[in-house]
Engineer: 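If you scroll down you'll find the structure; I have some questions about it.
This structure is a prediction, so every number in the text was calculated from the model and none was measured. Below, chains carry the letters A, B, ... as their sequence lines are ordered, and counting in each starts from 1.
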There are 2 protein chains.
Amino acid sequence: MSDELMTIRQMCDAFGVTPRTLRFYEARELIFPQRRGQHRLYDRRDRARLTLILRGKRFGFSLEQIRQLLELYEPGSRNETQIAATITIARERLADMERQYAELREAIADLAEQINDAETRLSDATHSKRSG
Amino acid sequence: MSDELMTIRQMCDAFGVTPRTLRFYEARELIFPQRRGQHRLYDRRDRARLTLILRGKRFGFSLEQIRQLLELYEPGSRNETQIAATITIARERLADMERQYAELREAIADLAEQINDAETRLSDATHSKRSG
DNA sequence: CCGAAAGTTGACGTTCACGTAATCGAAACG
DNA sequence: CGTTTCGATTACGTGAACGTCAACTTTCGG
């Protein structure tokens with residue numbers, strides 16, 4: 001079984017994206033599949049990165065922000081200055097996410113309350129109809 | 001003081017948006033400022049809606065999704081079918097937000113860990129430099 | 001009363017994140 | 001051995017959410 005390398009189609013089926021999307025992410029330097037001849041082949045590392053990309057997107061990060069964060073996940077040989085810069089950026093993103101987390105909690109409570117109110121209104125309307 | 005009505009510029013300063021943005025939201029039927037002659041005037045209701053709009057945006061909702069949610073906040077005279085439909089949509093958004101909330105918690109922990117690892121690598125690199 | 005400031009309506013431009021052909025080469029299949 | 005099929009490349013198109021510019025009113029301070 002091809003546990004190691006996957007074709008673009010296998011990737012698309014596995015992650016629910018289109019070939020266009022994978023090539024686009026590659027053009028933006030978010031993933032770096034190898035080539036067999038002209039064809040792309042995606043390994044575990046590419047899959048891990050894609051998972052992170054899609055997660056980042058769900059939180060509203062831009063592809064460029066995600067690209068910067070992905071550097072953090074690469075134990076790659078980069079110099080101290082670059083690592084420090086990446087950490088700085090990551091801390092900012094983390095702060096963003098923590099703010100979003102807190103605000104989301106409020107928003108959820110708020111929306112739940114509004115739904116409750118609306119359900120009450122709906123219920124009242126139904127009853128008044130019955131008694132009218 | 002103009003506690004009740006605000007001009008477009010006052011709104012922009014208060015909310016950190018541009019006039020274009022406010023007119024755009026109006027065109028998309030997210031806010032409905034009154035007119036004094038040709039000029040727009042925004043009241044408390046408009047401000048409340050704009051607050052919700054900007055919050056929704058921070059969570060990655062589209063303006064159309066936000067518009068639908070805003071209906072929930074209007075005790076307006078709409079029929080039961082419409083209220084029920086709005087509630088259904090709102091429940092879906094609420095579910096989205098709850099999923100996002102849970103996933104965000106994981107992502108925060110994950111990112112914090114990566115930052116820690118990177119800090120360790122950075123620290124190690126600094127020490128090895130000092131002892132090399 | 002008048003000229004700058006503020007606001008209005010188009011209309012076209014822009015960025016992001018892809019979608020959608022069109023065309024091509026390689027590869028698998030009957 | 002021809003022909004689908006899969007993938008690659010190039011390039012133009014698209015929708016969302018505005019930015020920007022032009023051409024006009026409208027309004028307000030001096």
Engineer: Would you say D:dT9 has OP1 or OP2 under 4.0 Å from some side-chain N or O of A:R35?
Structural biologist: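 Answer yes for this pair, as a side-chain N or O of A:R35 is under 4.0 Å from OP1 or OP2.
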Engineer: Does the distance from a Lys or Arg side-chain N to an Asp or Glu carboxylate O, for B:E71 and B:R67, drop under 4.0 Å?
Structural biologist: yes
Engineer: Could you check whether any side-chain heavy atom of B:L63 comes within less than 4.5 Å of a side-chain heavy atom of B:K57, counting everything from C-beta outward?
Structural biologist: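 Yes, close enough: below the 4.5 Å cut-off.
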Engineer: Please report, to 0.1 Å, the donor-acceptor pairs under 3.5 Å made by any side chain of residues 22-34 of chain A, with sequence neighbours excluded.
Structural biologist:
residue, atom, partner, partner atom, Å
A:E26, OE1, A:R40, NE, 2.5

Engineer: Between B:R93 and B:D96 (salt bridge meaning N to carboxylate O under 4.0 Å), is one present in this structure?
Structural biologist: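 A salt bridge links B:R93 with B:D96.
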Engineer: I'd like the 5' and 3' limits of the part of DNA chain C contacted by chain A, with heavy-atom contacts below 4.0 Å.
Structural biologist: C:dA17 to C:dT20
Engineer: Between B:T51 and B:F15, is any pair of side-chain heavy atoms under 4.5 Å apart?
Structural biologist: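 Side chain of B:T51 against side chain of B:F15, heavy atoms only: contact under 4.5 Å found.
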Engineer: List in numerical order all residues of residues 50-66 of chain A for which some heavy atom is under 4.0 Å away from an atom belonging to DNA chain D.
Structural biologist: none
Engineer: Are a donor atom and an acceptor atom from the side chains of B:T18 and B:T21 found within less than 3.5 Å of each other?
Structural biologist: yes
Engineer: What are the two closest heavy atoms between B:E4 and B:R47, and how far apart are they?
Structural biologist: O-NH1, 3.1 Å
Engineer: Could you tabulate the donor-acceptor pairs under 3.5 Å formed by side-chain atoms of residues 109-118 of chain A, not counting sequence neighbours?
Structural biologist:
residue, atom, partner, partner atom, Å
A:D110, OD1, B:Y73, OH, 2.7

Engineer: Check whether any side-chain heavy atom of B:D46 lies under 4.5 Å from a side-chain heavy atom of B:L50, and answer yes or no.
Structural biologist: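 B:D46 does not reach B:L50 side chain to side chain.
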Engineer: Might you point out which heavy atoms bring A:I66 and A:I53 nearest each other, and give the distance in Å?
Structural biologist: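 For A:I66 and A:I53, the tightest heavy-atom pair comes out as CD1-O, 3.5 Å.
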Engineer: Could you tell me the separation between the OH atom of A:Y42 and the C1' atom of D:dG7, rounded to a whole number of Å?
Structural biologist: 10 Å
Engineer: Tell me which residues in residues 18-30 of chain A lie within less than 4.0 Å of DNA chain D, going by non-hydrogen atoms.
Structural biologist: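 Output list: A:R20, A:R23.
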Engineer: Could you state the atom-to-atom distance from CD1 of B:I31 to C1' of D:dC18 in whole Å?
Structural biologist: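 After rounding, the gap between these two atoms is 14 Å.
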Engineer: Calculate the interatomic distance between A:Q10 atom CD and D:dT5 atom C1'; express it in whole Å.
Structural biologist: 15 Å
Engineer: Identify the two heavy atoms, one from A:Q68 and one from A:T86, that lie closest to each other, and give their separation to 0.1 Å.
Structural biologist: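 Here A:Q68 and A:T86 meet closest at O-CG2, 3.9 Å.
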Engineer: Got A:M6 and A:L41 here, is their nearest side-chain heavy-atom distance under 4.5 Å?
Structural biologist: no
Engineer: Going 5' to 3' along nucleotides 22-30 of chain D, which nucleotides have protein heavy atoms under 4.0 Å from the base (write B), which only from the sugar-phosphate (write S), and which from neither (write -)?
Structural biologist: -----S---
Engineer: If the threshold is 4.0 Å, N to carboxylate O, is there a salt bridge linking B:R55 and A:E106?
Structural biologist: no
